[in-house]
There are 2 protein chains.
Amino acid sequence: MWKYEEVSAYAALAEPHRRQILDLLREGERPVGELVKRLDLSQPGVSKHLKVLREAGLVVVRTEGKQRVYALRPDPLAEVDQWLEPYRAFWSRRLEALEQHLEENP
Amino acid sequence: MWKYEEVSAYAALAEPHRRQILDLLREGERPVGELVKRLDLSQPGVSKHLKVLREAGLVVVRTEGKQRVYALRPDPLAEVDQWLEPYRAFWSRRLEALEQHLEENP
DNA sequence: GAATCATATTTCTATGTGGAAATATGAGGA
DNA sequence: TCCTCATATTTCCACATAGAAATATGATTC
(Lines give C-alpha, C1' and ligand atoms only; values in the text may rest on other atoms or scores of the structure.)
Protein backbone atom coordinates (compact mmCIF):
# COMPACT_ATOMS: atom_id res chain seq x y z
CA MET A 1 0.00 0.00 0.00
CA TRP A 2 2.88 2.35 0.64
CA LYS A 3 5.75 2.67 -1.74
CA TYR A 4 8.96 2.30 0.18
CA GLU A 5 9.99 5.83 0.69
CA GLU A 6 10.75 8.01 3.60
CA VAL A 7 7.94 9.96 5.11
CA SER A 8 8.49 13.50 6.27
CA ALA A 9 7.50 14.40 9.80
CA TYR A 10 5.16 17.01 8.30
CA ALA A 11 3.37 14.39 6.22
CA ALA A 12 3.11 12.05 9.19
CA LEU A 13 1.47 14.74 11.26
CA ALA A 14 -1.12 15.51 8.59
CA GLU A 15 -3.30 12.63 9.80
CA PRO A 16 -5.18 13.27 13.07
CA HIS A 17 -5.02 9.64 14.23
CA ARG A 18 -1.28 9.69 13.91
CA ARG A 19 -1.02 12.77 16.08
CA GLN A 20 -3.25 11.00 18.57
CA ILE A 21 -0.96 7.97 18.59
CA LEU A 22 2.02 10.18 19.30
CA ASP A 23 0.09 11.87 22.09
CA LEU A 24 -0.64 8.50 23.65
CA LEU A 25 2.99 7.43 23.38
CA ARG A 26 4.01 10.58 25.13
CA GLU A 27 2.72 8.99 28.33
CA GLY A 28 5.10 6.11 27.81
CA GLU A 29 5.65 3.12 25.55
CA ARG A 30 2.59 1.09 24.69
CA PRO A 31 1.78 -2.20 22.98
CA VAL A 32 -0.36 -1.98 19.84
CA GLY A 33 -3.35 -3.55 21.55
CA GLU A 34 -3.57 -0.72 24.00
CA LEU A 35 -3.46 1.84 21.23
CA VAL A 36 -6.23 -0.02 19.43
CA LYS A 37 -8.41 0.10 22.54
CA ARG A 38 -8.00 3.80 22.94
CA LEU A 39 -8.18 4.90 19.34
CA ASP A 40 -11.60 4.09 17.88
CA LEU A 41 -9.85 2.59 14.89
CA SER A 42 -9.45 -0.98 13.71
CA GLN A 43 -6.32 -2.92 14.53
CA PRO A 44 -5.14 -2.95 10.89
CA GLY A 45 -5.79 0.76 10.76
CA VAL A 46 -3.59 1.37 13.76
CA SER A 47 -0.90 -0.88 12.32
CA LYS A 48 -0.88 1.06 9.09
CA HIS A 49 -0.52 4.37 10.82
CA LEU A 50 2.24 2.95 12.98
CA LYS A 51 4.04 1.96 9.82
CA VAL A 52 3.91 5.52 8.56
CA LEU A 53 5.16 6.79 11.89
CA ARG A 54 8.01 4.28 11.75
CA GLU A 55 8.94 5.44 8.26
CA ALA A 56 8.96 8.98 9.53
CA GLY A 57 11.26 7.93 12.37
CA LEU A 58 8.75 9.12 14.93
CA VAL A 59 8.38 5.80 16.72
CA VAL A 60 10.45 2.71 17.36
CA VAL A 61 9.28 -0.84 18.08
CA ARG A 62 10.54 -3.41 20.48
CA THR A 63 9.28 -6.98 20.54
CA GLU A 64 8.37 -8.15 23.99
CA GLY A 65 7.03 -11.71 23.99
CA LYS A 66 3.96 -11.72 21.83
CA GLN A 67 3.61 -7.98 21.92
CA ARG A 68 5.16 -5.16 19.96
CA VAL A 69 5.80 -2.25 22.17
CA TYR A 70 5.99 1.15 20.52
CA ALA A 71 7.87 4.09 21.89
CA LEU A 72 8.02 7.74 20.92
CA ARG A 73 11.12 9.04 19.16
CA PRO A 74 10.39 12.72 18.89
CA ASP A 75 13.63 13.76 17.18
CA PRO A 76 12.06 14.39 13.75
CA LEU A 77 9.69 16.85 15.39
CA ALA A 78 12.67 19.04 16.09
CA GLU A 79 12.81 19.84 12.39
CA VAL A 80 9.20 21.00 12.47
CA ASP A 81 9.94 23.00 15.57
CA GLN A 82 12.86 24.70 13.87
CA TRP A 83 10.84 25.47 10.79
CA LEU A 84 8.21 26.99 13.00
CA GLU A 85 10.71 29.08 14.90
CA PRO A 86 10.69 32.23 12.73
CA TYR A 87 6.91 32.22 12.68
CA ARG A 88 6.61 32.29 16.40
CA ALA A 89 7.62 35.92 16.42
CA PHE A 90 4.56 36.79 14.35
CA TRP A 91 1.80 35.54 16.56
CA SER A 92 3.51 36.02 19.87
CA ARG A 93 4.74 39.54 19.44
CA ARG A 94 2.28 40.99 21.88
CA LEU A 95 2.82 38.25 24.43
CA GLU A 96 6.58 38.58 24.21
CA ALA A 97 6.38 42.31 24.65
CA LEU A 98 4.42 41.74 27.81
CA GLU A 99 6.88 39.16 29.10
CA GLN A 100 9.82 41.38 28.37
CA HIS A 101 8.14 44.24 30.14
CA LEU A 102 7.60 42.06 33.19
CA GLU A 103 11.20 40.85 33.16
CA GLU A 104 12.56 44.34 32.94
CA ASN A 105 10.16 45.66 35.55
CA PRO A 106 9.86 42.94 38.13
CA MET B 1 -9.92 19.28 -7.70
CA TRP B 2 -10.41 19.96 -4.00
CA LYS B 3 -13.61 19.24 -2.28
CA TYR B 4 -14.75 22.30 -0.43
CA GLU B 5 -13.71 21.61 3.07
CA GLU B 6 -11.49 23.21 5.57
CA VAL B 7 -7.87 22.29 5.48
CA SER B 8 -5.95 21.79 8.71
CA ALA B 9 -2.71 23.64 9.18
CA TYR B 10 -1.00 20.26 9.54
CA ALA B 11 -2.30 19.12 6.16
CA ALA B 12 -1.30 22.39 4.54
CA LEU B 13 2.26 22.01 5.80
CA ALA B 14 2.57 18.48 4.45
CA GLU B 15 3.51 19.81 1.02
CA PRO B 16 7.04 21.23 0.67
CA HIS B 17 6.07 23.87 -1.87
CA ARG B 18 3.47 25.22 0.50
CA ARG B 19 6.02 25.58 3.27
CA GLN B 20 8.24 27.36 0.78
CA ILE B 21 5.44 29.77 -0.11
CA LEU B 22 4.93 30.58 3.55
CA ASP B 23 8.67 31.11 3.94
CA LEU B 24 8.63 33.58 1.06
CA LEU B 25 5.66 35.42 2.50
CA ARG B 26 7.48 35.75 5.77
CA GLU B 27 9.59 38.41 4.09
CA GLY B 28 6.47 40.40 3.31
CA GLU B 29 3.40 40.28 1.12
CA ARG B 30 3.94 39.25 -2.47
CA PRO B 31 1.95 39.10 -5.70
CA VAL B 32 1.47 35.67 -7.24
CA GLY B 33 3.77 36.44 -10.15
CA GLU B 34 6.69 36.91 -7.83
CA LEU B 35 6.02 33.62 -6.11
CA VAL B 36 5.88 31.90 -9.48
CA LYS B 37 9.27 33.34 -10.42
CA ARG B 38 10.88 32.09 -7.27
CA LEU B 39 9.26 28.70 -6.94
CA ASP B 40 10.19 26.47 -9.88
CA LEU B 41 6.55 25.61 -10.23
CA SER B 42 3.98 26.52 -12.87
CA GLN B 43 1.60 29.40 -12.31
CA PRO B 44 -1.42 27.11 -11.99
CA GLY B 45 0.54 25.00 -9.55
CA VAL B 46 1.26 27.99 -7.38
CA SER B 47 -2.37 29.09 -7.56
CA LYS B 48 -3.54 25.69 -6.42
CA HIS B 49 -1.24 25.65 -3.46
CA LEU B 50 -2.33 29.16 -2.59
CA LYS B 51 -5.90 27.95 -2.57
CA VAL B 52 -5.04 25.26 -0.04
CA LEU B 53 -3.20 27.79 2.08
CA ARG B 54 -6.23 30.07 1.92
CA GLU B 55 -8.51 27.25 3.02
CA ALA B 56 -6.20 26.58 5.91
CA GLY B 57 -6.37 30.26 6.85
CA LEU B 58 -2.62 30.61 6.48
CA VAL B 59 -2.71 33.39 3.89
CA VAL B 60 -5.00 36.21 2.90
CA VAL B 61 -5.36 37.91 -0.48
CA ARG B 62 -5.80 41.50 -1.41
CA THR B 63 -6.52 42.68 -4.93
CA GLU B 64 -4.31 45.51 -6.04
CA GLY B 65 -5.01 46.56 -9.60
CA LYS B 66 -4.44 43.52 -11.75
CA GLN B 67 -2.47 41.75 -9.12
CA ARG B 68 -3.43 39.60 -6.17
CA VAL B 69 -1.17 40.24 -3.30
CA TYR B 70 -0.83 37.45 -0.77
CA ALA B 71 0.11 37.96 2.85
CA LEU B 72 1.00 35.58 5.62
CA ARG B 73 -1.51 34.95 8.38
CA PRO B 74 0.39 32.71 10.73
CA ASP B 75 -2.30 32.30 13.36
CA PRO B 76 -3.17 28.69 12.47
CA LEU B 77 0.45 27.78 13.04
CA ALA B 78 -0.05 28.58 16.69
CA GLU B 79 -2.12 25.43 16.98
CA VAL B 80 0.74 23.37 15.62
CA ASP B 81 3.09 25.15 17.95
CA GLN B 82 0.90 24.33 20.90
CA TRP B 83 0.58 20.72 19.91
CA LEU B 84 4.34 20.55 19.65
CA GLU B 85 4.83 22.13 23.06
CA PRO B 86 4.83 18.98 25.24
CA TYR B 87 7.25 17.29 22.84
CA ARG B 88 9.83 19.97 23.13
CA ALA B 89 10.80 18.70 26.55
CA PHE B 90 11.79 15.36 25.01
CA TRP B 91 14.37 16.37 22.49
CA SER B 92 15.70 19.36 24.33
CA ARG B 93 16.34 17.68 27.66
CA ARG B 94 20.04 17.37 27.10
CA LEU B 95 20.35 20.84 25.68
CA GLU B 96 18.41 22.32 28.56
CA ALA B 97 20.51 20.48 31.07
CA LEU B 98 23.58 21.97 29.45
CA GLU B 99 22.13 25.45 29.47
CA GLN B 100 21.11 25.17 33.06
CA HIS B 101 24.54 23.94 33.99
CA LEU B 102 26.09 26.94 32.28
CA GLU B 103 23.71 29.33 33.98
CA GLU B 104 24.46 27.91 37.38
CA ASN B 105 28.20 27.76 36.73
CA PRO B 106 29.02 30.84 34.73
C1' DG C 1 3.67 -29.69 16.23
C1' DA C 2 -1.06 -27.71 16.66
C1' DA C 3 -3.61 -24.03 18.67
C1' DT C 4 -3.76 -19.38 20.10
C1' DC C 5 -2.67 -14.63 20.80
C1' DA C 6 -0.89 -10.18 19.01
C1' DT C 7 0.18 -7.81 15.23
C1' DA C 8 1.28 -7.05 10.30
C1' DT C 9 0.21 -7.27 5.54
C1' DT C 10 -2.73 -7.71 1.57
C1' DT C 11 -6.76 -6.71 -1.08
C1' DC C 12 -10.42 -3.96 -2.24
C1' DT C 13 -12.77 0.40 -3.10
C1' DA C 14 -13.51 5.29 -2.87
C1' DT C 15 -11.42 9.35 -2.77
C1' DG C 16 -7.62 12.83 -2.48
C1' DT C 17 -3.59 14.72 -4.62
C1' DG C 18 0.19 16.79 -7.48
C1' DG C 19 1.57 18.46 -11.89
C1' DA C 20 0.95 19.86 -16.75
C1' DA C 21 -1.81 21.87 -20.20
C1' DA C 22 -5.70 24.30 -21.63
C1' DT C 23 -9.13 27.49 -20.65
C1' DA C 24 -11.70 31.04 -18.01
C1' DT C 25 -12.11 35.29 -15.40
C1' DG C 26 -11.59 40.00 -14.15
C1' DA C 27 -9.23 44.49 -14.08
C1' DG C 28 -7.13 48.07 -16.58
C1' DG C 29 -5.66 50.16 -20.91
C1' DA C 30 -5.90 51.12 -26.05
C1' DT D 1 -15.59 47.52 -26.88
C1' DC D 2 -11.53 44.81 -27.73
C1' DC D 3 -7.12 43.56 -25.94
C1' DT D 4 -3.80 42.30 -22.68
C1' DC D 5 -2.02 41.15 -18.30
C1' DA D 6 -2.33 38.56 -13.97
C1' DT D 7 -4.32 35.01 -11.85
C1' DA D 8 -7.76 31.32 -11.08
C1' DT D 9 -10.10 27.27 -12.45
C1' DT D 10 -10.81 23.09 -15.09
C1' DT D 11 -9.42 18.89 -17.11
C1' DC D 12 -6.58 15.21 -17.50
C1' DC D 13 -3.51 11.66 -15.74
C1' DA D 14 -0.84 8.90 -12.60
C1' DC D 15 -0.49 7.74 -8.21
C1' DA D 16 -0.98 8.07 -2.94
C1' DT D 17 -4.04 7.25 0.74
C1' DA D 18 -7.70 6.05 4.23
C1' DG D 19 -10.62 2.51 5.94
C1' DA D 20 -12.79 -2.13 6.07
C1' DA D 21 -12.34 -6.95 5.59
C1' DA D 22 -9.73 -10.95 4.97
C1' DT D 23 -5.57 -13.25 5.47
C1' DA D 24 -0.74 -14.00 6.89
C1' DT D 25 3.04 -14.08 10.21
C1' DG D 26 5.58 -14.92 14.27
C1' DA D 27 5.99 -15.92 19.09
C1' DT D 28 4.19 -18.45 23.02
C1' DT D 29 1.59 -22.23 25.09
C1' DC D 30 -0.27 -26.73 25.28
Side-chain angles (χ1 to χ4, degrees), chain A residues 1-22 24-25 28-72, chain B residues 1-25 28-73:
Chain A
M1 177 182 193
W2 280 281
K3 216 166 84 183
Y4 187 73
E5 121 183 12
E6 274 181 25
V7 174
S8 79
Y10 300 97
L13 296 184
E15 223 286 329
H17 286 129
R18 289 198 286 262
R19 294 197 298 277
Q20 245 185 296
I21 290 176
L22 294 179
L24 289 174
L25 292 180
E29 38 177 43
R30 293 283 185 272
V32 178
E34 174 125 8
L35 299 175
V36 172
K37 274 186 216 154
R38 302 232 226 148
L39 273 175
D40 193 37
L41 200 65
S42 69
Q43 177 266 310
V46 173
S47 266
K48 283 210 251 181
H49 286 306
L50 285 172
K51 183 175 191 174
V52 176
L53 291 171
R54 259 183 285 144
E55 287 177 7
L58 282 163
V59 299
V60 288
V61 214
R62 177 167 56 83
T63 302
E64 185 167 316
K66 292 190 208 172
Q67 314 202 114
R68 309 274 178 116
V69 180
Y70 278 82
L72 185 62
Chain B
M1 177 181 193
W2 281 281
K3 216 166 85 183
Y4 186 74
E5 121 182 12
E6 275 183 24
V7 174
S8 79
Y10 300 97
L13 296 185
E15 224 285 328
H17 286 128
R18 290 198 286 263
R19 294 198 297 277
Q20 244 186 299
I21 290 177
L22 294 178
D23 286 339
L24 289 174
L25 292 181
E29 39 178 42
R30 293 283 184 273
V32 178
E34 174 125 6
L35 299 175
V36 172
K37 273 186 217 154
R38 300 233 226 150
L39 273 175
D40 192 37
L41 200 65
S42 68
Q43 177 266 312
V46 173
S47 265
K48 282 210 253 181
H49 286 306
L50 285 171
K51 183 174 192 174
V52 176
L53 290 171
R54 260 183 285 144
E55 286 176 8
L58 282 163
V59 299
V60 287
V61 213
R62 178 167 55 83
T63 302
E64 184 166 316
K66 291 189 208 172
Q67 313 202 115
R68 309 273 179 117
V69 180
Y70 277 82
L72 185 62
R73 234 212 61 196

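Reminder, nothing fancy here: chain letters follow the sequence lines and each chain counts from 1.
Nearest to the side chain of A:Pro44, among C:dA8, C:dT11, D:dA8, sits C:dA8. The side chain of A:Arg54 approaches C:dT9 more closely than any other nucleotide in the set C:dT9, C:dA20, D:dA18. Checking C:dA20, D:dT7, D:dA18 against the side-chain heavy atoms of B:Ser47 singles out D:dT7 as nearest.
The distance from atom NZ of A:Lys51 to atom C1' of D:dT25 is 14 Å, rounded to the nearest whole Å. As a whole-Å value, the separation of A:Lys48 NZ from C:dC12 P is 13 Å. Atom P of nucleotide C:dA20 and atom CG of B:Leu39 are separated by 13 Å, given to the nearest angstrom. Whole-Å rounding puts the B:Leu35 CG to D:dA6 P distance at 14 Å. Separating the CG atom of B:Leu53 from the P atom of D:dT7 is a distance of 16 Å, rounded to the nearest angstrom. Whole-Å rounding puts the A:Tyr10 OH to D:dT17 P distance at 18 Å. Per the geometry, CZ belonging to B:Arg30 stands 13 Å off P belonging to D:dT7, to the nearest Å. Taking atom CD on B:Gln43 and atom P on C:dG26, their separation rounds to 16 Å, with Å as the unit.
Here the side chain of A:Arg18 pairs a donor or acceptor atom with the backbone of A:Ala12 at under 3.5 angstrom. Listed for the B:Glu15 side chain is a donor-acceptor partner under 3.5 Å among the backbone atoms of B:His17.
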Between A:Leu22 and A:Val59, does a side-chain contact (heavy atoms from CB on, under 4.5 Å) hold up when you go through it step by step? CA-CA 8 Å; A:Leu22 294 179; A:Val59 299; 3.9 Å; yes
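When the side-chain nitrogen and oxygen atoms of B:His17 are compared with OP1 and OP2 of C:dG19, one or more of them lie within a distance under 4.0 Å. In terms of phosphate contacts, A:His49 brings a side-chain nitrogen or oxygen within less than 4.0 Å of OP1 or OP2 of D:dG19.
Where A:Ala11 and B:Glu34 each meet DNA chain D at their nearest nucleotide, the meeting point lying more 5' is that of B:Glu34.
Residues passing the salt bridge (Lys or Arg N to Asp or Glu O under 4.0 Å) test with B:Arg38 are B:Glu27, B:Glu34, sequence neighbours excluded.
Across residues 62-73 of chain B, B:Lys66, B:Gln67, B:Arg68, B:Tyr70 each have a non-hydrogen atom less than 4.0 Å from an atom of DNA chain D (numbered order).
Atom CG of B:Leu58 sits about 11.0 Å away from atom CD1 of B:Ile21, to the nearest 0.5 Å.
At the heavy-atom level, B:Gly33 lies under 4.0 Å from the strands shown only through sugar-phosphate atoms.
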